[in-house]
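Here's the structure, in structure tokens; my notes come after.
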Amino acid sequence: MSTSVFLVAISLNFFSAYFFQQKISLTPTPTAQVKALVTSQGWPQLDPLPPAKEVWECSVIVVGGSLGGVAAATEAMRSGAKTCLIELTPWLGGQISSQGVSAVDESLAMRAKENYSKSWIEFKQLIKQQPVELPQASNTSVVKVADINSCWVGKLCFPPKAGANAAEQLLQSSSQLAPESHWGTSNAFKGAEFDSTGRNIVAIYAVRRIPRRQDYIPKGRLSQEITSWYSWYNDEDFEKVPLRLQAPANSRAIVIDATDTGELVGWAGIPQRLGSESRATTGEIHASLKDNPECTQAFTFPFVLALQDDQGKSRDRLSHIQPGISKQDHLRDYSIKGFPMFAGRSFFNYRRIVSQNRNDPFVDTPELGDMTLVNWNRGNDWNVMNPPLILTQEQITTSKQRQNWMGGLSLDALKQAEDHALLFAEWLMETQSKPSFPLAYLSGTESLMGTDSGLSMMPYIREGRRILGRKAYKQNEFMMREADLRTDESGGRDFSATIVGLTHYDIDLHGCRYRNWEPANEATKAPAREFVVRPTLIPIESMIPQRIDNLLIGGKSIAVTHIVNAVTRIHNSEWSIGGAAGVTAAWLLTQSNLTPEQIVPQHRMPQLQQTFKQLGLRLSW
């Protein structure tokens with residue numbers, strides 16, 4: 001699809017939904033004045049902006065209940081800061097819940113040393129104790145995660161709702177140290193308001209949706225739901241409640257963007273990068289030949305397969321899928337070559353989230369009633385950029401989303417990825433089921449994803465928009481680069497003086513391509529195993545964006561290159577970044593008018609780092 005056709009499709013979809021909802025919910029006001037599209041400082045202005053029906057007052061405002069967002073809110077509240085958090089989906093936790101990657105993947109070296117932050121260890125223990133209600137077809141009904149956990153991707157695999165419940169419980173316990181903190185799911189970010197200088201955010205706007213039916217569950221086809229989720233207006237499925245989040249009277253707030261795509265960054269047009277960068281741009285040895293903003297890492301809609309004989313019913317349902325492109329185009333991507341399906345270190349045991357007897361995932365075979373989470377590179381990964389998932393700045397402007405933010409994603413890309421996942425499930429059942437190992441696809445009332453389709457509510461988004469930092473470490477616009485990671489390259493910098501987080505992992509790049517195989521300008525030579533990756537120090541400079549003085553990044557949108565994102569996107573990395581943002585935000589509120597970018601030049605890092613250590617955040621290998 002060409003760019004022009006794509007933008008026309010987005011615009012028609014948006015405006016048809018907008019006018020339909022307007023007809024239902026609004027009385028026309030012909031005398032209304034036309035509002036300026038931007039402020040005098042160049043920031044977008046929302047139009048329409050319905051009056052807020054609820055106002056939340058808090059000192060730390062977290063946009064996005066992702067894994068990083070939960071960590072940010074947890075650490076901010078434990079530091080005593082009254083905190084508010086909004087999350088788009090019905091579940092807190094991002095990649096470990098609504099995005100369906102509820103199989104914790106960690107560096108082997110970090111796992112051996114157990115050198116994690118206190119709150120990450122506590123959160124994993126909380127997940128293990130979560131009760132799990134399994135589908136009726138299972139041999140058991142209600143058990144704890146610890147009773148069914150046995151996979152080989154890592155040490156902890158579990159049904160996604162357990163992650164969401166653990167996140168809720170962690171926030172509840174942490175809020176005891178910050179009374180009147182407030183968080184909510186099913187809240188879509190809509191935009192922000194700035195002060196007269198344009199340097200500070202004074203309010204965040206959002207819209208909450210309340211299902212009209214008590215038995216509502218998400219469809220699990222985000223391409224069909226996202227327009228309604230972000231709309232200001234009531235529709236047949238939801239009642240809408242406009243929200244305003246702001247600082248208490250006569251005080252200030254610190255805002256944290258913890259969304260997985262950098263929604264606030266994208267909406268506002270904060271200096272950023274998107275997609276792959278060239279060697280000329282970053283100086284990285286293994287960077288691509290040219291910049292390509294369309295080439296973000298592949299995204300994925302995970303699902304669950306069970307060892308269960310459903311008489312072919314789930315396979316029959318999937319056979320009716322009508323993909324937007326030819327089914328053959330999807331099928332040619334699928335492969336589990338190099339891995340047995342069931343025995344030992346197998347496809348099924350890789351992310352097995354339910355094990356009836358917790359047998360050894362490296363040598364044993366699964367049993368009837370076992371269930372596996374499917375997130376597979378040559379399966380439900382969607383890496384095709386026709387069109388790309390993340391809207392560019394030009395596309396955001398053209399589609400009018402600066403005035404009425406609708407998520408900044410391509411509906412067409414979402415649908416293709418959904419189809420690709422569903423067809424992979426069908427392919428697995430067709431090619432891998434055996435009489436002694438019958439496979440069933442879990443959807444509807446049996447779904448562990450909390451959706452009717454059985455797909456995750458949101459895709460697992462490995463990479464979104466990444467900020468350009470301010471001047472630091474001999475860069476005019478700071479970004480962590482490949483040489484900062486690798487032991488076999490020179491030029492790596494020591495960030496220990498300004499470290500706020502610690503992580504480690506493979507350079508695990510899930511690449512991009514075009515359907516006709518034209519050059520994608522992906523960094524195809526960048527992937528590397530963790531033994532050539534040094535302990536990765538995350539400096540505070542990576543969390544501080546340009547132009548805004550009270551904003552921090554609390555997730556995947558920190559100032560890193562496309563290559564470095566392959567390390568900083570994983571579970572523990574995101575938790576470390578979010579936790580660092582939460583502690584930093586709360587600490588700043590105790591310092592008279594100190595802003596994030598002033599911490600280093602005013603020699604305040606030792607004091608901040610001491611606060612980190614007191615709270616149990618890991619800053620040393």
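All residue numbers refer to positions in the sequence shown, counting from 1.
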Do [X] and [Y] make a side-chain contact, defined as non-hydrogen atoms from C-beta onward lying under 4.5 Å apart?
X: L468; Y: Q272; answer: no
X: I570; Y: E106; answer: no
X: M449; Y: S443; answer: no
X: I148; Y: P159; answer: yes

I'd like to know if the side chain of [X] reaches the main chain of [Y], judged simply by a donor and an acceptor atom lying under 3.5 Å from each other, with no hydrogens or angles considered.
X: S97; Y: L92; result: yes
X: D360; Y: D364; result: no
X: E225; Y: K219; result: yes
X: D257; Y: V265; result: yes
X: N380; Y: A421; result: no
X: N375; Y: T300; result: no
X: S276; Y: A523; result: no
X: S98; Y: P90; result: no
X: E114; Y: M110; result: no
X: R351; Y: V374; result: no

Carboxylate-amine/guanidinium contact [X] [Y], below 4.0 Å:
X: R221; Y: E418; value: yes
X: R462; Y: D381; value: yes
X: E518; Y: R515; value: no
X: R466; Y: E277; value: yes

Over 12 foreign heavy atoms within 6.0 Å of NZ, K415: yes

Full working for side chain to side chain contact (heavy atoms under 4.5 Å, CB included) between F123 and I96: CA-CA 11 Å; F123 184 51; I96 54 102; 4.0 Å; yes

Residue pairs, two or more places apart or on separate chains, that pass salt bridge (Lys or Arg N to Asp or Glu O under 4.0 Å) and touch residues 562-575: D508-R569, K556-E574

Polar side chain donor-acceptor pair, [X] to [Y], under 3.5 angstrom:
X: T281; Y: S278; answer: yes
X: D412; Y: S410; answer: no
X: T89; Y: E87; answer: yes
X: Y505; Y: N572; answer: no
X: D260; Y: Q99; answer: yes
X: T561; Y: E482; answer: no

Spacing of [atom1] belonging to [X] relative to [atom2] belonging to [Y], to within rounding of 0.5 Å:
X: M406; Y: L409; atom1: CE; atom2: CG; result: 11.0 Å
X: M480; Y: T568; atom1: CE; atom2: OG1; result: 7.0 Å
X: R315; Y: L428; atom1: CZ; atom2: CG; result: 11.5 Å

Centroid separation W382 to H330 less than 6.0 Å: yes

Centroid separation Y441 to F303 less than 6.0 Å: yes

Side chain to side chain contact (heavy atoms under 4.5 Å, CB included) between D309 and Q311, intermediate numbers included: CA-CA 6 Å; D309 188 359; Q311 304 299 313; 3.3 Å; yes

Verdict with reasoning, S119 to W575, per side chain to side chain donor-acceptor pair (under 3.5 Å): CA-CA 9 Å; S119 60; W575 187 269; 3.0 Å; yes

Side chain to side chain contact (heavy atoms under 4.5 Å, CB included) assessment of Q308 paired with E446: CA-CA 12 Å; Q308 171 185 319; E446 292 193 326; 3.5 Å; yes

Non-hydrogen atoms of [X] and [Y] that approach each other most closely:
X: T296; Y: G275; answer: CG2-N, 3.8 Å
X: T365; Y: A343; answer: CG2-CA, 3.6 Å
X: E367; Y: Q356; answer: OE1-CB, 4.3 Å
X: L411; Y: S223; answer: O-CB, 3.6 Å
X: R493; Y: D484; answer: NH2-OD2, 2.7 Å
X: Y514; Y: N292; answer: OH-ND2, 3.3 Å

Test: K124 cationic atom under 6.0 Å from F158 six-membered ring centre, within 45° of axis: no

R513 to W517, cation-pi by 6.0 Å centre distance and 45° axis angle: yes

Criterion side chain to side chain donor-acceptor pair (under 3.5 Å) on E522 and H562, from CA distance to verdict: CA-CA 9 Å; E522 175 58 279; H562 174 67; 2.7 Å; yes

Trace of the side chain to side chain contact (heavy atoms under 4.5 Å, CB included) decision for L307 with L439: CA-CA 5 Å; L307 277 177; L439 290 171; 4.0 Å; yes

In terms of relative ring orientation, are [X] and [Y] parallel, tilted or perpendicular, with 30° and 60° separating the classes?
X: W120; Y: Y116; result: perpendicular
X: F339; Y: W376; result: perpendicular
X: Y334; Y: H420; result: tilted

Step-by-step side chain to side chain donor-acceptor pair (under 3.5 Å) determination, S326 to D329: CA-CA 5 Å; S326 76; D329 281 350; 3.3 Å; yes

Which residues share a side chain to side chain contact (heavy atoms under 4.5 Å, CB included) with E122, sequence neighbours left out: R78, L170

Contacts of type side chain to side chain contact (heavy atoms under 4.5 Å, CB included), residue R279, not counting sequence neighbours: I285, A287

Listed partners of R529 passing salt bridge (Lys or Arg N to Asp or Glu O under 4.0 Å), at least two apart: D506

Residue pairs involving residues 147-164 (criterion side-chain hydrogen bond (donor to acceptor under 3.5 Å, both in side chains); sequence neighbours excluded): S150-R352

Partner residues of S447 under the side-chain hydrogen bond (donor to acceptor under 3.5 Å, both in side chains) criterion, sequence neighbours left out: none

Stepwise salt bridge (Lys or Arg N to Asp or Glu O under 4.0 Å) test for E426 and K327: CA-CA 11 Å; E426 181 190 24; K327 189 172 184 177; 3.1 Å; yes

